[in-house]
Protein chains: 2
Amino acid sequence: MPKGQLKGICFHPSKETKCVTCSLSSLCLPISLNFEDIDQLDKIIKRRQPLKKGEHLFHQGDRFDCVYAVRSGSIKNYAMTNDGEEQITNFHLPSELVGLDGIDCETYPVSAKALETTAVCEIPFARLEELAKELPELRSQVLRIMSRELRDDKQMMMLLSKKNAEQRVATFLTNLSTRFKRRGYSPFTFRLPMSRNEIGNYLGLAVETVSRVFTRFQNSDLIAVNGKEVHILNMDDLSILAGLPDQEQKIPNETKIANEG
Amino acid sequence: MPKGQLKGICFHPSKETKCVTCSLSSLCLPISLNFEDIDQLDKIIKRRQPLKKGEHLFHQGDRFDCVYAVRSGSIKNYAMTNDGEEQITNFHLPSELVGLDGIDCETYPVSAKALETTAVCEIPFARLEELAKELPELRSQVLRIMSRELRDDKQMMMLLSKKNAEQRVATFLTNLSTRFKRRGYSPFTFRLPMSRNEIGNYLGLAVETVSRVFTRFQNSDLIAVNGKEVHILNMDDLSILAGLPDQEQKIPNETKIANEG
DNA sequence: AAAGTTTTTTGATGCATATCAGGTTTATCA
DNA sequence: TGATAAACCTGATATGCATCAAAAAACTTT
């Protein structure tokens with residue numbers, strides 16, 4: 001089916017979902033807002049025509065004025081390194097907020113590009129701040145979302161500085177799986193919206209290495225892959241390889257006091 | 001001089017700096033607050049006894065209730081990897097806020113430990129939120145600080161996934177230099193508050209590699225090192241090696257439209 | 001000041017992953 | 001539908017950095 005038609009068939013701006021009825025509301029900004037407040041939030045949100053694959057939401061250096069919530073599809077964030085190479089810093093799935101790192105310098109520090117046909121909610125930041133003035137719950141939700149992203153970033157740093165290729169790919173897959181699950185999709189069967197190249201770029205690995213690890217994982221019956229379709233066959237072992245997913249790792253308490261001084 | 005005495009000699013809780021008179025106020029939370037507002041902020045801040053080297057501000061997993069501003073000294077954040085290894089995720093210099101990544105799950109996701117005798121301002125988060133209700137400037141300052149940390153984290157990811165050992169160390173040194181400069185210290189001569197081991201851990205390198213790169217940098221007259229004392233002799237070349245510091249990198253605009261679709 | 005401990009440095013070796021090169025499959029488009 | 005390009009996989013080789021080892025220097029402690 002040609003992508004172009006999707007717009008006409010599936011997307012009716014007049015009938016577009018409101019926050020109240022949106023299936024993602026429990027993951028997105030509206031969490032813990034009451035109906036009235038959600039309605040207020042709804043009023044400042046613009047639903048734009050979906051982006052086609054490869055289209056940009058914004059470019060690195062553009063003036064920051066909106067944050068975006070992914071409604072369907074997926075977005076990658078990337079920056080250009082000094083030698084002109086692309087460096088992917090994030091992938092965003094539905095319900096996730098894009099662009100929060102632009103608040104400080106008032107320009108987006110990275111570009112955002114659709115990996116597939118992608119619908120977003122556009123949230124003018126100035127109006128969000130206005131609204132936050134009156135809605136304490138919205139305020140803390142924004143903080144929580146940013147705080148979570150900070151935490152995820154640290155996890156990513158740990159991946160990049162301590163994990164080997166297999167652990168990186170395993171972490172990547174289990175992480176995606178968890179996120180799909182929370183969004184109501186199967187945690188065991190999903191379609192990767194990004195290429196091997198993009199996975200490698202994100203994970204700090206060469207494409208070839210990603211490809212090889214995928215093959216090795218297949219040979220050990222951890223996963224079954226067909227192009228971008230992934231089946232996780234042995235989640236337990238994959239999670240162990242990943243080094244326990246994001247869930248709380250227990251901290252060895254023994255040395256807590258001993259270590260002081 | 002024994003560390004213990006510092007407390008008695010240098011730190012008088014009764015005479016402690018207020019935000020209004022604090023030399024760091026232009027870098028820290030009070031930015032863009034007026035005098036009255038700073039005073040309000042001041043009231044919720046507790047200045048604790050300075051931490052001695054090696055003491056913890058909080059441990060990974062502790063209940064999140066405060067964020068901290070470093071007043072003097074320095075703090076490292078670190079987490080334990082699954083195999084019990086330490087992974088340093090950040091170093092904090094005076095005026096920087098510690099603990100913001102705990103907002104979301106209400107426990108600190110990493111530990112915070114003093115690298116040297118360190119004074120902090122303790123800011124109860126609940127009260128900060130209270131205050132933010134009335135002070136829009138404070139609100140956006142918190143957002144800006146978190147947004148900046150997000151941006152820095154992405155920079156760190158790029159370092160970890162694309163830069164080689166020399167580029168990492170060069171980036172580390174120029175970054176420190178910039179931060180010292182903003183705080184009124186010399187950007188060319190400073191004392192590293194952390195060990196080679198900690199630098200390596202943070203940069204995803206072995207100690208030995210850090211040591212070797214330091215030696216190489218000395219041999220090429222980029223820096224002069226004596227233990228933890230560092231002199232930057234050739235900032236230009238060091239910056240080039242680092243791959244241009246954090247400042248805005250120009251984005252090649254040619255392909256902006258061409259890339260779409 | 002001496003003894004012990006930790007940190008730093010330097011050298012030799014090994015390995016995980018990058019890079020290069022080729023072939024194959026899958027997508028894109030006329 | 002076939003042509004062309006892009007993505008993916010696999011093998012061979014190269015290399016940057018980790019690891020191992022051991023000495024030197026810098027701190028601690030008594």
Side-chain angles (χ1 to χ4, degrees), chain A residues 1-4 52-54 76 81 83 85-88 115-117 159-170 191-219 223-230 241 259 261, chain B residues 1-4 52-54 76 81 83 85-88 115-117 159-170 172 191-219 223-230 241 259-261:
Chain A
M1 184 199 308
K3 262 176 303 166
K52 276 177 283 185
K53 180 174 176 169
K76 73 168 172 184
T81 61
D83 44 331
E85 267 187 297
E86 178 176 312
Q87 166 67 44
I88 296 172
L115 291 170
E116 57 197 312
T117 303
L159 178 144
L160 290 170
S161 85
K162 287 263 185 307
K163 293 186 178 177
N164 66 24
E166 298 204 344
Q167 294 171 323
R168 289 182 199 199
V169 175
R191 195 177 169 284
L192 298 171
M194 69 293 284
S195 68
R196 303 282 189 277
N197 209 326
E198 288 167 322
I199 296 174
N201 185 303
Y202 178 62
L203 295 177
L205 298 172
V207 207
E208 295 93 328
T209 305
V210 175
S211 190
R212 275 186 257 266
V213 172
F214 270 67
T215 316
R216 262 182 272 160
F217 281 1
Q218 282 204 89
N219 292 340
I223 60 175
V225 187
N226 183 8
K228 309 211 152 173
E229 292 290 333
V230 173
L241 231 181
N259 262 354
Chain B
M1 183 199 311
K3 265 175 298 165
K52 275 177 284 186
K53 178 175 177 170
K76 74 167 172 184
T81 60
D83 43 332
E85 266 187 299
E86 178 176 312
Q87 166 66 45
I88 296 172
L115 290 171
E116 57 197 312
T117 304
L159 177 144
L160 290 171
S161 84
K162 287 264 185 305
K163 293 186 178 178
N164 65 24
E166 297 203 345
Q167 293 172 324
R168 290 182 199 200
V169 175
F172 180 72
R191 196 178 169 284
L192 298 171
M194 69 292 285
S195 68
R196 302 283 190 276
N197 208 330
E198 288 167 322
I199 296 174
N201 184 303
Y202 177 62
L203 295 178
L205 298 171
V207 207
E208 295 94 326
T209 305
V210 175
S211 188
R212 274 186 257 266
V213 171
F214 269 68
T215 317
R216 262 181 273 161
F217 281 2
Q218 281 204 91
N219 293 340
I223 59 174
V225 188
N226 183 7
K228 310 212 151 173
E229 292 291 333
V230 173
L241 232 181
N259 263 354
E260 309 286 330

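Order of the sequence lines fixes the chain letters, A, B, ..., with proteins taken first and strands second; residue numbering starts at 1 for each chain. Quick caveat, the model's predicted, so the values are computed rather than measured.
- Taking side-chain N and O atoms only, B/S211 has no distance below 4.0 Å to OP1 or OP2 of C/dT8.
- For the pair B/N226 CG and C/dT7 P, the computed distance is 18 Å after rounding to whole Å.
- One can place CD of B/E229 at 10 Å from P of D/dC27, the figure rounded to the nearest angstrom.
- We find the CG-CD distance between B/N226 and B/Q218 to be 8.5 Å, quoted to the nearest 0.5 Å.
- Between the CD atom of B/E86 and the OG1 atom of B/T81 there is a distance of 9.5 Å, given to the nearest 0.5 Å.
- Taking only side-chain nitrogens and oxygens, A/T215 comes nearer than 4.0 Å to OP1 or OP2 of D/dT10.
- Atom-to-atom, CD of B/E85 to P of D/dT19 comes out at 8 Å; the value is rounded to the nearest Å.
- Atom pair B/L203:CG and D/dA18:P shows a separation of 10 Å (rounding to whole Å applied).
- Distance check, rounded to the nearest 0.5 Å: NZ of B/K53 to OG1 of B/T117 gives 9.0 Å.
- A/N197 places its CG atom 13 Å from the C1' atom of D/dC9, with the value rounded to the nearest Å.
- Computed from coordinates, the B/F217 CZ to C/dT9 C1' distance equals 16 Å when rounded to whole Å.
- Out of C/dT28, C/dC20, D/dT19, the shortest distance to the side chain of B/R212 is found at D/dT19.
- Nearest to the side chain of A/S195, among D/dC8, D/dT19, D/dC17, sits D/dC8.
- A donor-acceptor pair under 3.5 Å links the side-chain atoms of A/R168 to the main chain of A/L160, judged by distance alone.
- Counting any heavy atom pair closer than 4.0 Å across all strands shown, B/A206 reaches a base atom.
- The 5' end of DNA chain C is approached more closely, in terms of each residue's nearest nucleotide, by B/G227 than by the other of B/G227 and A/R216.
- Looking at heavy-atom distances under 4.0 Å, A/G200 makes no contact with the nucleic acid at all.
- One can place NZ of A/K228 at 10 Å from C1' of D/dA6, the figure rounded to the nearest angstrom.
- C/dT19 atom C1' lies 15 Å from atom CG of B/N164, rounded to whole Å.
- Salt-bridge formation is not detected for the pair B/E85/A/K162: no Lys NZ or Arg NE/NH1/NH2 atom is positioned less than 4.0 Å from an Asp or Glu carboxylate oxygen.
- In this structure, of C/dT19, C/dT28, C/dT9, it is C/dT19 that holds the atom nearest to the side chain of A/E208.
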